Amino acid sequence: MKPEHKEWIMQEVVKRVLSDKIAKTSKMPLETIIHDTIYHEKKRLEQEKRTKRTFQEAQYWKKIHKKMLSGSEEEKKSLIQEIILRFSHEIVGNFNPKVYSFSTKILPIGLSILLNTISPGVLFSHFPKLPDVSDRLIIQGEIELIQALQHLGTIILVPNHNSNMDSIAMGLAIHKIQLPPFIYGAGLNLFTNSIISYFMNNLGAYKVDRKKSASLYKDTLKEYATCTLECGYHNLFFPGGTRSRSGEIEEHIKLGLLGTGIKAYINNLQKGKEKPNIFIVPCTISYQLVLEAEHLIEDYLKATGKSRYIIEDDEFSKVRRILNFLTSILQLDSRICIRFCPAMDLFGNRVDKQGISYDKRGRVVDISRYTWVNGKVAHDPQRDMQYTKELAEQIKKSYYKNNVIMSTHLVAFVVFQLLKKHYPEMDLYRLLRTVKEDDLPLREVYESMEKILARIKKMVANGDICIDDHIKNLSVDAICDEALQHFRIYHSKVVLLRKGDRLYPQDPDLLFYYSNRLKKYDLEKGMEG
Amino acid sequence: MQSYHSVGVVGGGSWGTTLAHLLGKNGNRVLLWLRDEESYQDIKNNHRNRKHTYEIALSEKICPTMDLEEVGKSCEIIVIAIPSSNFRQVTYLLGNHVKADQIVISACKGLEPQTHYSMTEIIREETCVKKIGVLSGPNLFQEILKGSPSAGVIASEYQEVIKKAEEIFSSSFYKIYGSNDLVGVELGGVMKNVVAIASGIADGLGFGNNTKALVLTRGISEMVKVGLKLGASPWTFNGLSGLGDMLVTCSSPLSRNYRVGYYLAQGQKLPQILEEMKAVAEGVNTAKVLHEYCRANQIDLPIMEGVYQILYENKPISHVLSELMNRLAHLEMDTNLLQTASSME
């Protein structure tokens, strides 16, 4: 980020958040805002481990409280400003484009060297070439479109979120297709792993502390994103907010951060910027194996509503586990598919390489008019929130259409559906406990896979879903073999085991997790016909 | 920046003409688009549309036009009052002229037969407009033209649409209420037409008030079932576009859908009834769409299914009636429905 931009952004964030807060709480005393922030911060600190840092933070809030009690209205305003500035400093990363460029080049090599030290087998299997993790990335979709749009406005990339590896995979993909750096908000928990933290800091991440629930913090975060967009920095948001626990494609999209796009666009128009447009590019990330699958599904299966929003102690926090994951990927020639979906404007209209928007009937749309209020460009929070809701719906549809089916998803789905058929009366929890003892004849699995594949191929032709290029022409037994290999090697338990001509589910939870990637397509109906 | 000087109404049938009159009486300059040359000349020269609204003198603020482009370019708010069968075609043509800042409101209470789409979904597909609304409620055009106090409901996800529609429609004899439940309001207006056919049948058979109450209350219950499935609020169906519209449509011989049911019970055949009726009875088409939708989604709607069987399967009314009355009695309030409804609160 250019120093002049950084300075402007900091000033602007403080100014805007302060005036918005004062306007929204005009009938309440200023101390309500401070009180609310102190309350939430204290609550957060109570739940954290006691360290020197938390002690200092607690002292800081005590000091603010004291100042607030004796301060005049003007002084209270200054206190709010001070808090916003403090939050802003916490958020702004040390992102440096030069370091970014270096990091993206060094990341695959660095990881490869690490892998070779722990797995000579991997080294020899690729000899004399060094195994390269980034070779396992399959990048497809609207690459030329996104390359063209980067020069015509600001891009917001919105991938679905499976794993903490997503940030790294996206960083590599962005670099591989020669896009400029993107900045993005990453949870503090991503910085706990020392190796990954180094790269996170330099892949453009700014820090988001999701435990901070004070509205002043959230507003500061959103305004920071808005200002970076106005300065023309391409952003990456994970609109699902958190990793999919169940393995499904995101059903719920958070509107807060996504809504910054429209705000920045209106500000751009009002300032008469030369390139005011902001483009939304949804993106799907599909893994054959997901690093943290065991923890994620375990969390999902806990009583509804009690799953944790932030998991700090999963596979991602263990360096050896990450290396094990990467080794497995290399050993199995496993693929991570990143698919850039068709770009859209902030109102969900399709956008072409010239940055022009089109309605569903292919007519050009002057999108600036969406922002008019009585003929003038203006903010209208209710309207803009509705636009964002509708955009979120379009993003969801795009995810479903561009979801790339991998062998593990397909096999898990078919096997899980067949097992479900054996126990039609059971609820999910009983089913997961029961099917451990069950088994299936391979022939039955192959037959069902044939039916589902035929259905999927029709859907692919209609543009309703995508399939991994590697498996689309494979026979069902070859697809099944590939999936079984994956299920055998990485996870702590074998997910699905073949003995002779029968399949034995060893870890039904994970089977359920991988099968969920194909949920909501009504594919199970295809198994009947 | 563009300035708009008129309110547009697309469709010169009885309902479109009535809405144009209502808007004109309220001091708005109204551009009324219609395809029919005879009606166009009648309004232009005589301020009447005798083909659809009898001898009633229409507001002089109505300017008839046969040019859809003029409507698209001059009106910030455009109300479409076209039967569902032609709705898409006309909306597509309008879509060639409207821009992203304009407001389009549907005043049609029907569903598209081929796609099962609602009219607001069609607007979303055929134009670039996002600020979309629906106007519904217990509005018999004859009574509005007479100036009897009436009310309607405007639903939209955009507050601006509700506010602006209130400004142009509200008058001393027509009150507008706002709602954010676009799906519920639209469905209420659509589905009550099928219940109106059932109600007409009951009256045509000479049944009394008990039967009428049975048809209306169970009819609403069926509307709620579909509404919940599609994301509507159950409470909307107790409002103007649900219960309100149903009370009018299910008891007034002025309602076309009611008349279809009444004449069927009198022994007339459907083609004959429709031929003699000048305007479209949307309930006939809606019964078919609902039948297909509910079969695909396994929703049980006994009254609406009964109407479908009478209309499309030539099933004798007496058989349908007997099947309805011999169904196993269930709890009046479906517990699953109650749970879904309470989860929405």
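Model, not experiment: these values are computed from the prediction. All chains are named by letter (A, B, ...) in the order of the sequence lines, taking the proteins before the strands, and each is independently numbered beginning at 1.
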Atom pair CD1 (A:I395) and CG (A:N160), whose distance is rounded to the nearest 0.5 Å: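 Reported value, rounded in 0.5 Å steps: 11.5 Å.
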Candidates A:K275, A:K271, A:K273 - the one meeting salt bridge (Lys or Arg N to Asp or Glu O under 4.0 Å) with A:E230: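 Checked A:K275, A:K271, A:K273 against A:E230; only one passes salt bridge (Lys or Arg N to Asp or Glu O under 4.0 Å): A:K271.
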Under 4.5 Å from any heavy atom of chain B - which part of A:Y358: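 A:Y358 has no heavy atom closer than 4.5 Å to chain B.
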Contact origin within A:Q382 toward chain B - heavy atom pairs under 4.5 Å: side chain
Selection from A:K389, A:R363, A:E390, A:K360 maximising heavy-atom pairs under 4.5 Å formed with chain B: A:R363
Pair A:D20-A:K263, salt bridge (Lys or Arg N to Asp or Glu O under 4.0 Å): steps then yes or no: CA-CA 13 Å; A:D20 274 6; A:K263 195 170 179 187; 3.5 Å; yes
Quiz item: cation-pi between A:R383 and B:Y158, 6.0 Å / 45°: no
Residue B:Q102 versus chain A: region with a heavy atom under 4.5 Å: neither
Any side-chain donor near an acceptor of the partner, B:S241 and B:K109, under 3.5 Å: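 The criterion, which ignores hydrogens and geometry beyond distance, is not satisfied for B:K109 and B:S241.
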Selection from B:K131, B:Q159, B:E160 maximising heavy-atom pairs under 4.5 Å formed with chain A: B:Q159
